[in-house]
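One structure is given here, and the rest of the page talks about it.
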Number of protein chains: 4
Amino acid sequence: MAKATGGDARAVPVPQRLLDAATKLFAERGYDRTSVQEIVEAAGVTKGALYHYFGSKDDLLHEVYGRVLRLQQERLDALAGADAPVERRLRDAAADVVVTTIENLDDTKIFFRSMHQLSPEKHKQVRAERRRYHERFRALIEEGQRSGVFSADTPADLVVDYHFGSVHHLGTWYHPDGPLTPQQVADQLADLLLRALRP
Amino acid sequence: MAKATGGDARAVPVPQRLLDAATKLFAERGYDRTSVQEIVEAAGVTKGALYHYFGSKDDLLHEVYGRVLRLQQERLDALAGADAPVERRLRDAAADVVVTTIENLDDTKIFFRSMHQLSPEKHKQVRAERRRYHERFRALIEEGQRSGVFSADTPADLVVDYHFGSVHHLGTWYHPDGPLTPQQVADQLADLLLRALRP
Amino acid sequence: MAKATGGDARAVPVPQRLLDAATKLFAERGYDRTSVQEIVEAAGVTKGALYHYFGSKDDLLHEVYGRVLRLQQERLDALAGADAPVERRLRDAAADVVVTTIENLDDTKIFFRSMHQLSPEKHKQVRAERRRYHERFRALIEEGQRSGVFSADTPADLVVDYHFGSVHHLGTWYHPDGPLTPQQVADQLADLLLRALRP
Amino acid sequence: MAKATGGDARAVPVPQRLLDAATKLFAERGYDRTSVQEIVEAAGVTKGALYHYFGSKDDLLHEVYGRVLRLQQERLDALAGADAPVERRLRDAAADVVVTTIENLDDTKIFFRSMHQLSPEKHKQVRAERRRYHERFRALIEEGQRSGVFSADTPADLVVDYHFGSVHHLGTWYHPDGPLTPQQVADQLADLLLRALRP
DNA sequence: CATGAATGAGTTTTCATTCAT
DNA sequence: TATGAATGAAAACTCATTCAT
């Protein structure tokens with residue numbers, strides 16, 4: 001008998017509402033600075049409901065990670081496995097990770113800032129999935145290096161970290177109301193990467 | 001158990017001991033996950049002593065920042081103002097920030113992970129100092145772009161964020177016992193930057 | 001050690017138990033000298049329970065005030081608005097505030113000693129309500145002065161402060177096991193007031 | 001080498017400076033809310049100095065009491081023992097306590113608000129001295145009642161408490177920049193007392 | 001499915017006092 | 001005389017989690 005906002009706000013299922021609220025708050029104030037009470041208030045439910053659907057606060061964070069990890073891995077797999085020259089596939093992948101990062105900036109801010117606040121067990125799991133992503137990306141670069149279209153002066157691992165560093169950093173400076181669209185940023189950063197890899 | 005215990009460890013003054021302990025712990029577990037109790041225990045003093053020298057836990061974090069900010073700004077000013085071609089000065093600056101970041105990896109991990117946990121007032125101050133650093137770096141790139149030794153395809157701002165992203169990221173993957181020395185990493189990352197800027 | 005322990009003492013709801021314990025302790029040792037720990041121990045609950053019902057220690061004090069303020073204001077309004085000569089109404093009001101003050105001596109001790117220890121915001125609110133009470137009383141005196149049944153030699157404001165001073169002071173000297181009943185004290189003090197106001 | 005305010009500020013001896021600072025602060029924020037650190041800062045000395053001259057914070061409060069108690073007792077003794085009719089002596093005493101209370105409003109605010117925060121031992125001592133004062137005043141009233149110039153309808157004790165209640169209360173409402181001078185307030189309150197005592 | 005009262009261990013911070021110098 | 005670093009105990013408050021209903 002409250003908050004009947006629109007008639008479809010209530011249609012969003014409780015677990016989703018909780019996840020959305022948590023994502024927003026974690027991104028705004030960080031995991032440790034967000035209390036369970038604040039999450040349930042933002043989601044319009046009670047604590048009991050949260051613990052009905054999630055085992056712990058930690059679980060909530062882990063779910064946010066799952067969402068962004070699955071999304072990015074899927075997109076990378078698709079782009080890397082496409083039928084195109086390696087420089088095209090790398091460029092597309094490099095630009096795409098920028099666009100999807102910006103489009104899910106809350107999730108990725110949380111990802112990079114709060115990963116080490118997961119329980120050791122879950123942290124390990126996330127790092128393993130992250131590593132899989134990293135290796136798929138690295139394989140692209142190595143492929144280009146072997147075939148001579150990319151310079152082999154820099155170890156592929158370092159190149160990946162170079163690029164991902166800039167993706168990681170997006171949360172620090174990118175603002176949706178700034179002068180550049182996500183796609184423009186993506187193109188520029190992908191260009192920088194490809195130029196750095198010119199033989 | 002009086003003043004002359006050890007002859008060396010106890011010779012370090014209390015504020016320094018506190019700062020060292022805090023740096024180590026903040027880097028290991030993050031600012032919010034480190035309790036004042038843990039800090040004073042690691043430093044071998046009592047809470048009263050901490051609050052005798054520092055106004056708050058926040059102050060301690062701010063001091064760590066001060067240290068790394070001053071160091072990096074000094075080095076950048078020296079290198080950027082040297083008497084050498086701009087591509088040399090940029091390369092030196094780009095490599096140097098990598099080396100000093102690695103050499104102070106604890107401080108810089110804290111810097112990038114915990115900056116947003118400072119009080120708003122101190123956060124603002126740190127961001128202002130950080131911006132000064134950023135702008136000095138950007139000026140170098142613009143200088144090279146104007147004189148034609150660097151490509152002007154990418155806005156200088158973005159290039160700075162691209163490079164600093166990778167510096168930021170170092171704390172995530174670099175380990176002192178890995179295969180690369182700090183100087184090697186620095187050379188590789190500086191090369192990537194300069195190659196990306198080739199006209 | 002579950003819910004039905006005692007059958008009577010435990011039947012009092014937790015917020016009431018907390019308020020009672022706080023009232024007693026604040027009166028005994030003052031607000032600042034009473035710790036939250038002592039309150040919850042006296043009430044037989046934990047700190048968490050206290051903060052579940054009250055926002056702060058300050059809130060608890062404010063609640064005590066609310067109780068006594070509401071009580072006294074109601075009684076004054078009833079007596080002052082009665083259908084009787086003004087000297088009768090003033091006398092009744094003057095005596096009644098003495099009786100109810102003695103009957104709630106803990107509350108009123110707290111009221112007068114600890115009011116200035118409230119947060120500025122709440123302090124202001126309490127003073128506003130207190131002023132309303134004062135003004136209602138003053139209006140009675142002015143009414144009598146205008147109609148000539150009371151001497152107008154002394155400004156009504158001062159007369160009110162004179163009487164309330166003695167009410168305020170009751171907590172300092174009145175003891176329930178002394179020679180005078182509350183009603184006797186009330187009659188004497190009301191007599192003093194009325195005699196002082198004889199034209 | 002600091003705070004050379006005028007050339008005679010430094011001439012005030014340290015214990016006096018401490019006492020003055022403590023009086024001011026205790027009156028402003030209360031005894032418990034005033035820290036020793038604040039007192040020494042206001043007095044322009046260090047903590048060591050305070051503990052050199054005073055045994056404890058409690059001692060400081062006790063000294064403030066000593067000052068006001070001695071002053072008021074002396075004045076009462078002089079006025080009550082004067083060679084004049086009893087109604088004159090009571091009137092003078094009643095007015096004088098009002099004037100000296102207002103002239104030392106900080107001290108008396110502290111007196112009435114913080115007395116119960118003294119250590120039990122010192123509290124007892126202060127109460128004993130206070131009682132002596134009270135009894136001297138009561139003797140005056142009884143003298144007048146016996147000789148018939150005052151009504152004996154109200155026990156002398158109660159009359160004393162009635163008057164002292166209003167004195168006590170002065171700290172709550174009197175402001176130096178209000179419409180009434182200390183002497184005017186004193187005259188009015190003394191008048192009220194004497195009028196209440198008319199046979 | 002969901003509530004919300006209650007817990008208990010934890011947090012940062014304050015402060016009167018001591019003491020070697 | 002006076003300093004100020006250091007102590008240690010206590011302060012108010014927070015919060016993830018549980019559980020009877």
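Letters go in sequence order (proteins before strands), and every chain restarts at 1. On a predicted model such as this, the values are computed, not experimentally measured, just so you know.
In this structure, CZ of R33(B) is placed 14 Å from P of dG10(E), rounded to the nearest angstrom. Distance CZ (R29(D)) to C1' (dC15(E)): 14 Å, rounded to an integer number of Å. Rounded to whole Å, atom P of dG8(E) lies 13 Å from atom CD of E41(C). The separation between H52(D) atom NE2 and dT18(E) atom C1' is 15 Å, rounded to whole Å. Between E38(B) atom CD and dT12(E) atom P the separation is 8 Å, expressed in whole Å. One interatomic measurement links the two molecules: CD of Q37(C) to C1' of dT14(E), which rounds to 17 Å at whole-angstrom precision. The distance from atom CD of Q117(B) to atom P of dT11(E) is 15 Å, rounded to the nearest whole Å. The distance between atom CG of D32(C) and atom C1' of dA12(F), rounded to the nearest whole Å, is 12 Å.
Evaluation of the side chain to side chain donor-acceptor pair (under 3.5 Å) rule for K57(A) yields no partner, not counting sequence neighbours. Evaluation of the side-chain contact (heavy atoms from CB on, under 4.5 Å) rule for N104(D) yields L71(D), T100(D), D107(D) as partners, not counting sequence neighbours. Not counting sequence neighbours, D106(C) has no partner by the side chain to side chain donor-acceptor pair (under 3.5 Å) test. T46(A) meets the side-chain contact (heavy atoms from CB on, under 4.5 Å) test with A49(A); sequence neighbours excluded. Residues that satisfy the salt bridge (Lys or Arg N to Asp or Glu O under 4.0 Å) test with K24(D), not counting sequence neighbours, are E28(D). A search for side chain to side chain donor-acceptor pair (under 3.5 Å) contacts involving E63(A) returns nothing, not counting sequence neighbours. When the salt bridge (Lys or Arg N to Asp or Glu O under 4.0 Å) test is applied to E38(C), the partners found at least two apart in sequence or on another chain are R29(C). In this structure R33(B) satisfies the salt bridge (Lys or Arg N to Asp or Glu O under 4.0 Å) test together with D32(A), sequence neighbours excluded.
Of the candidates V45(C), V40(C), I39(C), V45(C) is the only one forming a side-chain contact (heavy atoms from CB on, under 4.5 Å) with R17(C).
Contact annotation for V14(D): no contact, since no heavy-atom pair falls under 4.0 Å across all strands.
Here the side chain of K47(D) is nearest to one of dT1(F), dA16(E), dC1(E), namely dA16(E). Each of dC15(F), dT7(F), dT3(F) was ranked by its minimum atom distance to the side chain of T46(B); first place goes to dT7(F). In this structure, the nucleotide among dA5(F), dT14(E), dT3(F) sitting nearest to the side chain of Y51(B) is dT14(E).
Of all the residues in residues 20-28 of chain C, not one reaches under 4.0 Å from DNA chain E with any non-hydrogen atom. Of all the residues in residues 53-61 of chain B, Y53(B) reach under 4.0 Å from DNA chain F with at least one non-hydrogen atom.
Residue L18(B) comes nearest to A43(B) through the heavy atom pair CD2-CB, 3.8 Å, listed as atom of the first residue, atom of the second, then distance.
A donor-acceptor pair is defined here as one N or O able to donate and one able to accept, closer than 3.5 Å; no such pair exists between the side chain of S114(D) and the backbone of Q117(D).
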Pairing of DNA chain E as dot-bracket, 5' to 3': ( ) intra-strand, [ ] crossing, | other strand, . unpaired, with Watson-Crick or G-U pairs under 3.5 Å?
.||||||||||||||||||||
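Nucleotides of DNA chain F nearest to Y31(C) and L50(B) differ in position, and the one nearer the 5' end is that of L50(B).
Contacts classified as ring-ring contact (aromatic ring centres under 6.0 Å, His included) and involving residues 22-66 of chain A (residues at least two apart or in different chains) are given here: F26(A)-Y31(A), Y65(A)-F111(A).
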